[in-house]
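For reference, the structure is listed below as structure tokens.
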Amino acid sequence: MEIQQDLRSHIRFYFEGQLRILSDVRTTDMLMRWLRSEAMRTGTKEGCNEGDCGACTCIVGHLNESGVIQFRLINTCIYPLSYLDGAWLISVETLSSCGSLASVQSEMLPLNLSQCGFCTPGFVMAVLYAQISQKDQTSEEALAGNLCRCTGYGGLIEAARRAQSLPIEPAFTAEIQKAEKILRDLPADGFSIVAEGSRVDAPKSLKHLLDLRNSFPSATIVSGATDFGLWVTKKLDRPEHIILTKFCIELTSISSGPDVIETGAAVSIEDFGDSLIPEYPELREWFHRFGGPQVRCSGTLGGNIANGSPIGDSSPVLIALGASLKIRSYRAERFIPIEDFFIEYGKQDLRPDEVLVSVLVPRRKNIKRLVVEKISKRHDQDISIVLAAMAEFSSGAPRYRLAFGGMAATPMLAKRTMESLDPNDLAHDFSPLSDHRADAWYRLSVSKNLVHDFLSGSASDG
Ligand SMILES: Cc1cc2nc3c(=O)[nH]c(=O)nc-3n(C[C@H](O)[C@H](O)[C@H](O)COP(=O)(O)OP(=O)(O)OC[C@H]3O[C@@H](n4cnc5c(N)ncnc54)[C@H](O)[C@@H]3O)c2cc1C
Ligand code: FES
Ligand code: FES
């Protein structure tokens, strides 16, 4: 085994008309700190510093496989600075750098949607993303990752509604073309930045990733960093070595075969949703209630599974669909049904030299009905109290797969209920916890109702 030695020791990105090069990037550096304290661009605000409020929202553009910029809305407070490599960074200052306001800003101005103004730059970026990404989403969905504490949301929602039909102005189109040209000329290699007490590795290939994993089993794998970012900003973790997955080509691709859709573990929740919803339209609402656009654009499918959370939203859905995981080490590859990955709370079937490579979701074929219900205190950007994913199959056994998050120490199937088809048997399948989100009685009662509605056919799909 060989570790590549000849890698770049800096990152390069495009910002305000220039190619920037940074060589002192550390494991704990988040983009917001660099923007506000080094680039002195203080339009981007610091609110919660944990991905919840959207005050720090910016947009990054990375080249896709066709060499075209694909935009992402991000929370800079938990976005590792190292992920800017090969990207175009757009902050609120970038928009008016030509002297005049961008069209979304001009549309927002007369709507009286700002009092103290602290949240406004973040909303401007979310509205701009709604304009340039042209996603199939409502205005409310476009703004679900941004909070305003003093103005009503009416004007903001109206601004997002108008933005979705605003053409992109010629000056911005010209800037996109310029950024694409500059980014295309950058060699597509990985990097490794070593400083005292800090090492950031960004492998481009799965082989290099596995070599690193094997040589440094205690290094932290970082994918979208929507968990990792909070360990740094809130728990004040200071990891000495991180290995980034998002530059690794094999982990960031999606391929559709006749039997399965294979999604790389470092594919964002946003791209996973876009690829799966045409096959399973019932997942549309589930998808839009997963965090907000910023969390979905950064957070990855693999991270949401590998963290082993009992309240992660993708695992119950994948269990109900009968998905499996591809796991690899330097030496071997193996496939397991996703439900077998979760052994107990905090313990997953993943050895220190292994990484989660991809998730294989069966094509629709045999699935007749799918219902996913997320129960949470808030509609948007909230963690599940219970997530029920229930599938009915047209043939084979079992006829139903009923998977739950929030009911046990891991996401799991309600096996006894699947056999008996009696919702009361959920009390044998699960002994849920009481916590600050809900008590055990509530979790059990709501789950029984959901299963009852599903089995009696009165639950609405979606
Ligand atoms: C504001 C906010 C809202 C949120 N809302 C939701 C929500 O509605 N629903 C929900 O389910 N979650 C939600 N989350 C949680 C979070 O977004 C997810 O858990 C996310 O999908 C984690 O993925 P990541 O790529 O960001 O993981 P990271 O933070 O990069 O990593 C998470 C863990 O997984 C490990 N890991 C990552 N990739 C691999 C791999 N390929 N192989 C092995 N190990 C790996 C890492 O080492 C780490 O231990 C929210 C988070 C925030 C901050
Ligand atoms: S500061 Fe609140 S999301 Fe970043
Ligand atoms: S205008 Fe004050 S927080 Fe939104």
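In this chain, numbering begins with 1 at the start of the sequence shown. Everything numeric in this text was worked out from a predicted model, so none of it was measured. Ligands are counted one by one from 1 in listed order, and the atoms in each one are counted from 1 as well.
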Just let me know how N75 lines up against ligand 2, side chain, backbone, both or neither, with a heavy-atom cut-off below 4.0 Å.
-> side chain
If you measure from each heavy atom of E354 to ligand 1, is any distance below 4.0 Å?
-> no
Interfacing atoms of ligand 3 (cut-off 4.0 Å, heavy-atom, Q115) = 1 (S)
Answer yes or no: does an N/O atom from Q381 fall short of 3.5 Å to an N/O atom of ligand 1?
-> no
Tell me, which protein residue and heavy-atom name are nearest atom 52 (C) of ligand 1, and how many Å apart are they?
-> V295 CG2, 3.9 Å
Does W231 approach ligand 1 within less than 4.0 angstrom via side chain, backbone, both or neither, non-hydrogen atoms only?
-> side chain
E50 to ligand 1, any heavy atom closer than 4.0 Å | yes
Could a heavy atom of A225 be found less than 4.0 Å from some atom of ligand 1?
-> yes
Under-4.0 Å heavy-atom contact with ligand 1, by part of K374 that carries it = side chain
Assess C150: does it contribute an N, O or S atom lying under 2.8 Å from atom 4 (Fe) of ligand 3?
-> no
Is there a heavy atom in I305 that sits closer than 4.0 Å to ligand 1?
-> no
Those atoms of ligand 1 less than 4.0 Å from some heavy atom in F228 = 29 (O)
In this structure, atom 2 (Fe) of ligand 2 sits at the vertex of an angle between SG of C48 and SG of C53 that rounds to 10° as 110°
The closest protein heavy-atom partner of atom 15 (C) of ligand 1 is D227 OD1, 3.9 Å
Nearest-neighbour protein heavy atom for atom 3 (S) of ligand 3, which is reported as residue plus atom name and distance | R149 N, 3.2 Å
Numbered atoms of ligand 1 (with element) below 4.0 Å of N307, judged on heavy atoms = 19 (O), 33 (C), 34 (O)
N/O/S atom of C119 under 2.8 Å from atom 4 (Fe) of ligand 3, yes or no?
-> yes
Judging by distance only, is a nitrogen or oxygen of A306 under 3.5 angstrom from one on ligand 1?
-> no
Run the contact test for D382 against ligand 1 with a 4.0 Å cut-off on heavy atoms, strictly below, and give the result.
-> yes
Taking N or O atoms only and a 3.5 Å limit, does I269 qualify as a polar contact for ligand 1?
-> no
Return yes or no for this condition: an N or O of D52 is under 3.5 Å from an N or O of ligand 1.
-> no
